[in-house]
Amino acid sequence: MSEEFGKVLIRTSQDALIVFVGNFLSTLFLAVSAIIVARLLQPENYGVYSVSLVVSSVILLFTDFGVDSALVKYVSKFNALKKEEVVREIIVKGLMLKFLIVSAASIINYSFALELSTVLAERPELSYYVSLTAFLTFSTALMNSSLAVMTALGRMKLRSFIMVTQSLTKLLLSPLLVLLGLGVLGALVGHIVSYVVSCFVSLLVILKYVKLGEPSEGIIRTSDLIRFGFPLYLSGLLGVVLQRLQYVTLARVATNAELGNIQAANQFVSLITLTITPFSITLFPVFSGLEVRSAWEEINKLLNNVLKYMCIFTVQVALIIGGFSQDVVRFIYGRLYVTAPLYLALMSVGYVYAPLTVTLTALLSGLGRTRDLLYSSAIQLVIMAPVSYLLIMSAGPKGYAVSLSLTGLPALTYLLLASRKLNINISWKPLIKIYLVSLSSVLVAIPIRYSTENYIIRLLTESLTSITAYTTLLVFTDSLSWRDYELLKKTFKTIPILGSILSVFLEVARFLLWVRDKYVWKTSTDSDSS
């Protein structure tokens with residue numbers, strides 16, 4: 001491994017860890033805020049609060065048109081070429097375009113609050129609250145653009161800071177305003193202000209960077225941003241359409257209790273997503289930077305290395321949550337969510353192949369193959385819409401869970417074929433070993449569920465047994481090498497507190513590597529020599 005490629009791989013891993021920590025803390029603060037506000041408002045008022053946000057969430061779907069993706073692509077591309085004046089020009093054009101789109105959307109959100117709350121939420125009495133969310137629409141969209149620029153520039157710590165600032169502001173403000181007697185209005189204002197503050201801070205940082213130099217000649221036009229990003233926007237929109245179709249079909253056949261169990265399962269699935277999202281965010285600009293240098297060998301190496309590390313973490317998390325779903329759900333929600341464990345186990349299967357989908361999506365985005373991503377989403381919608389309908393109508397919530405686990409397969413199949421045309425070669429042997437090791441480590445721990453009736457002790461024992469077996473098997477099957485150990489060690493140093501905790505597990509791996517080299521492999525070598 002060349003020194004330059006080693007630096008790229010370490011930086012990518014460090015950035016992914018930073019994004020993971022930021023997303024984890026943000027998710028944690030938002031979850032705590034939601035719990036507190038829900039308890040303070042009580043179910044009826046919390047329902048009013050939730051429905052008031054529906055209109056803004058729908059309008060936000062029409063405030064991007066791929067501009068953010070184009071910013072990531074072109075800013076990272078020209079940043080890799082060290083053309084700062086072009087980078088500044090692209091940022092200014094992108095933000096100005098986004099400002100115009102968002103301004104129009106926010107005006108519609110405010111001016112037609114009554115009509116929108118009637119059509120989209122069927123709650124005309126909430127029009128005042130809906131009108132306030134115009135500020136939420138404006139600030140959220142511009143904050144997302146600022147985050148895209150930070151991602152492209154490699155400012156992952158700053159990006160995570162903005163995310164945590166938003167969630168922490170909401171945690172501090174929303175419950176306080178509710179306690180002061182403002183009720184639903186207080187919760188809503190706290191939510192809106194958290195995004196306004198974060199948007200203001202992020203834009204200040206970006207504008208300070210833009211003012212550092214003079215604008216350059218028009219290398220990238222506004223139309224270029226739309227031309228690149230619009231297929232990605234449509235791709236994401238098709239994914240949202242499929243999700244809505246699946247859930248609407250489920251709502252027709254499922255009882256309220258079954259929907260509650262599905263929602264409980266979905267909450268745990270979001271934990272698996274936390275291990276994937278950091279890579280999808282960081283890989284896009286990295287592949288864009290490598291593409292401008294035509295570094296195809298490095299692109300192949302990076303793809304396979306990142307795939308390996310994603311599988312090491314994501315597949316194991318998915319199998320543990322799915323395999324021990326009964327105890328996991330009971331620990332958080334109690335005995336009443338009877339069918340949620342089954343739904344969770346079925347949904348988690350879809351995350352076993354998610355590392356491949358995420359990595360190939362980032363690769364094709366970075367290489368500018370946005371039409372391929374659009375085609376993959378269209379194929380996914382055409383195939384999975386009728387399949388999901390048949391599964392849900394015939395098997396109810398179980399069919400819905402199965403359809404979610406299968407949803408990504410058509411798109412993945414197309415992405416694999418598209419990547420082969422670009423001479424991108426995936427090293428399957430290391431991945432297959434990781435999958436087998438993950439499955440084996442979970443199977444080893446399953447008999448423990450019959451050893452005790454205390455579900456807390458059982459869950460703890462199952463998890464520790466599985467993780468111990470997993471780490472041991474990774475080392476002794478050479479799925480985790482000394483090179484991996486050194487890379488992860490440098491990566492964990494990026495985050496002081498969490499890095500120290502993760503380093504404890506890494507030292508266990510180091511000990512196992514030492515044992516393997518000194519006793520196992522040495523004995524094998526001596527036997528071969530004799």
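Predicted, not measured: the structure shown is a model, and the values here were computed from it.
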Are [X] and [Y] close enough that some pair of their side-chain heavy atoms sits under 4.5 Å apart?
X    : Y    : value
V197 : Q166 : no
M150 : I206 : yes
S365 : T361 : yes
I424 : R420 : no
K77  : V86  : no
L153 : V87  : yes
L238 : L374 : yes
T407 : L242 : yes

Is there a donor-acceptor contact under 3.5 Å linking the side chains of [X] and [Y]?
X    : Y    : answer
S106 : N109 : no
T133 : S56  : no
S127 : E115 : no
Y414 : D372 : yes
S145 : K98  : yes

Return the [atom1] to [atom2] distance between [X] and [Y], rounded to the nearest 0.5 Å.
X    : Y    : atom1 : atom2 : value
Y353 : L409 : OH    : CG    : 4.0 Å
S52  : H191 : OG    : NE2   : 10.5 Å
K93  : R221 : NZ    : CZ    : 8.5 Å
E85  : I90  : CD    : CD1   : 10.0 Å
I321 : Q316 : CD1   : CD    : 10.5 Å
Y435 : S479 : OH    : OG    : 12.5 Å

Minimum heavy-atom separation for [X] to [Y], with atom names?
X    : Y    : value
S194 : K170 : CB-N, 3.6 Å
G190 : L177 : N-CD1, 3.8 Å
D64  : D68  : OD1-N, 3.0 Å
N79  : A152 : ND2-O, 4.2 Å
T63  : A141 : OG1-CB, 3.8 Å
S103 : F138 : OG-CE1, 3.7 Å

Under the side chain to side chain donor-acceptor pair (under 3.5 Å) rule, what do T137 and Y110 come out as? Steps first, then yes or no, please.
-> CA-CA 10 Å; T137 301; Y110 183 83; over 6 Å; no
Counting only heavy atoms not in [X], do more than 12 fall under 6.0 Å of its [atom1]?
X    : atom1 : value
K83  : NZ    : no
F112 : CZ    : no
F135 : CZ    : no

Side chain of [X], backbone of [Y]: donor and acceptor closer than 3.5 Å?
X    : Y    : value
S388 : A385 : no
D484 : S481 : yes
S202 : C199 : yes
S111 : I108 : no

How about F230 and Y233: are their ring centres within less than 6.0 Å of each other?
-> yes
Worked verdict on M143 versus V196 for side-chain contact (heavy atoms from CB on, under 4.5 Å) | CA-CA 8 Å; M143 186 188 80; V196 172; over 6 Å; no
Over 60° means perpendicular and under 30° means parallel, so classify the ring planes of F20 and F24, tilted if in between.
-> parallel
Run the side-chain contact (heavy atoms from CB on, under 4.5 Å) check on T151 and V19 step by step: do they pass?
-> CA-CA 10 Å; T151 299; V19 173; over 6 Å; no
Checking side-chain contact (heavy atoms from CB on, under 4.5 Å) for the pair L422/L364: CA distance, chi angles, key distance, verdict?
-> CA-CA 10 Å; L422 298 173; L364 294 176; 3.6 Å; yes
With S235, which of S377, S376, S69 fulfils side chain to side chain donor-acceptor pair (under 3.5 Å)?
-> S377
Which residues satisfy the side-chain contact (heavy atoms from CB on, under 4.5 Å) test with L185, sequence neighbours excluded?
-> Y128, Y129, L132, V189
Using side-chain contact (heavy atoms from CB on, under 4.5 Å) as the criterion, list what pairs up with I383, not counting sequence neighbours.
-> I379, V387, P410
Apply side-chain contact (heavy atoms from CB on, under 4.5 Å) to Q243 and Y247, showing your working.
-> CA-CA 6 Å; Q243 291 174 6; Y247 194 80; over 6 Å; no
With sequence neighbours excluded, what pairs up with Y195 under the side chain to side chain donor-acceptor pair (under 3.5 Å) test?
-> none
